[in-house]
Amino acid sequence: MKKNNNLGFKIITAFVLALLIIAVLAPIIAPNDPNETNIMMAQVGPCAEYPLGTDHLGRCMLSRIIYGARTSIFAGLAITLIVFSLGTLIGVVSGYFGGAVDVVLTKLITIMQAFPKIILAIAVAGMMGLGIRNLIIALCLVEWVEYARLARSFTFTAKQHNYIRAARVCGESHIRIIVRRIIPNIIQPLIVNASLGIASIIMEIAALSYLGVGVGESIPEWGAMINAGKGYIQTDVRLVFIPAAAIFITAAIFNLFGEKLRDKISG
């Protein structure tokens, strides 16, 4: 059973690495310029020059899908890294020190949780305007809460252990206890949670772009491609189906990676 789990983890890790390689090598792999328009070749079906055909402006669908992988995956990983670091820091500080610090941070977490994440992200992104930087900021502002809540809970439990009390008696500083004692003992479940959250963030990026408050149509991105193609869905479903399939496949791969990582760590 353990051998099968290891094999499954290796296979899904290979798929994740393949996605990352595609994103990194997008300028080399893409057969055409993703933003080059040619109205005379609009909505052309798959052919030698355009393996997945063209969109309503004559842009290469395959090239836009490949560059969209770069946008969605890199932005998703960047957001995950930021909210993981920020949320863990806030949660650990809150859970370790308690008192007034914990009350203030807990109230802030409670207030943030009172708003649906996607609605708050839409509001923030709408006020800041289009752009990948603004999109990352908007999602970071709403995604850190879950990591802070988990880190606070784990820290509160960990600090009750005897080894933490012993470290205090021995005169270790708060920073040393947090860095050397607390974080190493709570980091694994937080990493698993982060790996499972990548797919959700990628879909949120697509959702915001679809709603017109994300990266904008000038940057190849799957949600924006669906938004641009929705007006042609009755005559050319390919314009919606292809980017939707890219979102589904990528999210599924990262979800499976998170689950396999969880099984590997817990096993």
Is the [atom1] atom of [X] crowded by more than 12 outside heavy atoms at less than 6.0 Å?
| X | atom1 | result |
| --- | --- | --- |
| Gln160 | CD | yes |
| Arg168 | CZ | yes |
| Ile175 | CD1 | no |
| Arg165 | CZ | yes |

Before giving the answer on side-chain contact (heavy atoms from CB on, under 4.5 Å), spell out for Met112 and Leu120 the whole-Å C-alpha distance, their side-chain angles and the decisive distance to 0.1 Å. CA-CA 9 Å; Met112 294 294 294; Leu120 188 57; 3.8 Å; yes

Find out whether [X] and [Y] are in side-chain contact, i.e. whether some heavy atom of one side chain is under 4.5 Å from a heavy atom of the other.
| X | Y | answer |
| --- | --- | --- |
| Pro220 | Asn35 | yes |
| Ile118 | Leu208 | yes |
| Ile136 | Ile82 | yes |
| Leu130 | Ile219 | no |
| Gln113 | Ile109 | yes |
| Tyr147 | Leu86 | no |

Give a yes or no on whether [X] and [Y] share a hydrophobic cluster (residues Ile, Leu, Val, Met, Phe, Trp, Tyr; joining criterion: side-chain heavy atoms under 4.5 Å apart).
| X | Y | answer |
| --- | --- | --- |
| Ile249 | Leu77 | yes |
| Ile187 | Ile177 | yes |
| Phe15 | Ile21 | yes |
| Ile132 | Met203 | yes |
| Ile66 | Leu57 | no |

Is there a donor-acceptor pair closer than 3.5 Å between any side-chain N or O of [X] and the backbone N or O of [Y]?
| X | Y | result |
| --- | --- | --- |
| Asn134 | Met128 | yes |
| Asn32 | Ser63 | no |
| Arg238 | Thr54 | yes |
| Lys159 | Ile164 | no |
| Trp222 | Ser72 | no |

Nearest 0.5 Å, what's the [atom1]-[atom2] distance between [X] and [Y]?
| X | Y | atom1 | atom2 | answer |
| --- | --- | --- | --- | --- |
| Phe254 | Ser195 | CZ | OG | 10.0 Å |
| Asn185 | His161 | CG | NE2 | 8.0 Å |
| Asp55 | Asp236 | CG | CG | 9.5 Å |
| Trp144 | Ser85 | CH2 | OG | 14.0 Å |
| Asp102 | Ser94 | CG | OG | 3.5 Å |
| Thr88 | Arg152 | OG1 | CZ | 14.5 Å |

Work out which heavy atom in [X] is nearest to a heavy atom in [Y]; give both atom names and the distance.
| X | Y | value |
| --- | --- | --- |
| Ile242 | Leu52 | CD1-O, 3.9 Å |
| Ile29 | Ile22 | CD1-CA, 3.9 Å |
| Gly95 | Thr155 | C-CG2, 3.8 Å |
| Glu221 | Ser209 | OE1-CB, 2.9 Å |
| Leu139 | Val83 | O-CG1, 4.5 Å |
| Ile186 | Ala151 | CD1-O, 4.2 Å |

Taking side-chain contact (heavy atoms from CB on, under 4.5 Å) as the definition, give me every residue that meets it alongside Ile226, ordered by chain and number, with sequence neighbours left out.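 Result, side-chain contact (heavy atoms from CB on, under 4.5 Å) vs Ile226: Tyr210, Val240, Pro243, Ala244, Ile247.
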
For Pro27, all residues meeting side-chain contact (heavy atoms from CB on, under 4.5 Å), sequence neighbours excluded: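 Result, side-chain contact (heavy atoms from CB on, under 4.5 Å) vs Pro27: Tyr67, Arg70.
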
side-chain contact (heavy atoms from CB on, under 4.5 Å) for Met61 and Leu239? Distances and angles first, verdict last. CA-CA 8 Å; Met61 288 288 290; Leu239 301 186; 4.0 Å; yes

ring-ring contact (aromatic ring centres under 6.0 Å, His included) contacts in which one or both residues fall within residues 29-66, not counting sequence neighbours: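 Applying ring-ring contact (aromatic ring centres under 6.0 Å, His included) to every pair that reaches into residues 29-66, excluding sequence neighbours, yields His56-Tyr232.
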
What ring-ring contact (aromatic ring centres under 6.0 Å, His included) pairs are there with at least one residue in residues 72-111, not counting sequence neighbours?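 For residues 72-111, and leaving out neighbouring residues, the ring-ring contact (aromatic ring centres under 6.0 Å, His included) pairs sorted by first residue read Tyr96-His174, Phe97-His174.
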
Listing request: all salt bridge (charged side-chain N to carboxylate O under 4.0 Å, His left out) pairs with a residue in residues 138-148, at least two apart in sequence or in separate chains.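 Of all non-adjacent pairs touching residues 138-148, those that pass salt bridge (charged side-chain N to carboxylate O under 4.0 Å, His left out) are Lys117-Glu143, Glu146-Arg149.
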
Counterpart residues, ring pair (Phe, Tyr, Trp, His ring centres under 6.0 Å), relative to Phe241 (two or more places apart):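 Residues passing ring pair (Phe, Tyr, Trp, His ring centres under 6.0 Å) with Phe241: none at all.
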
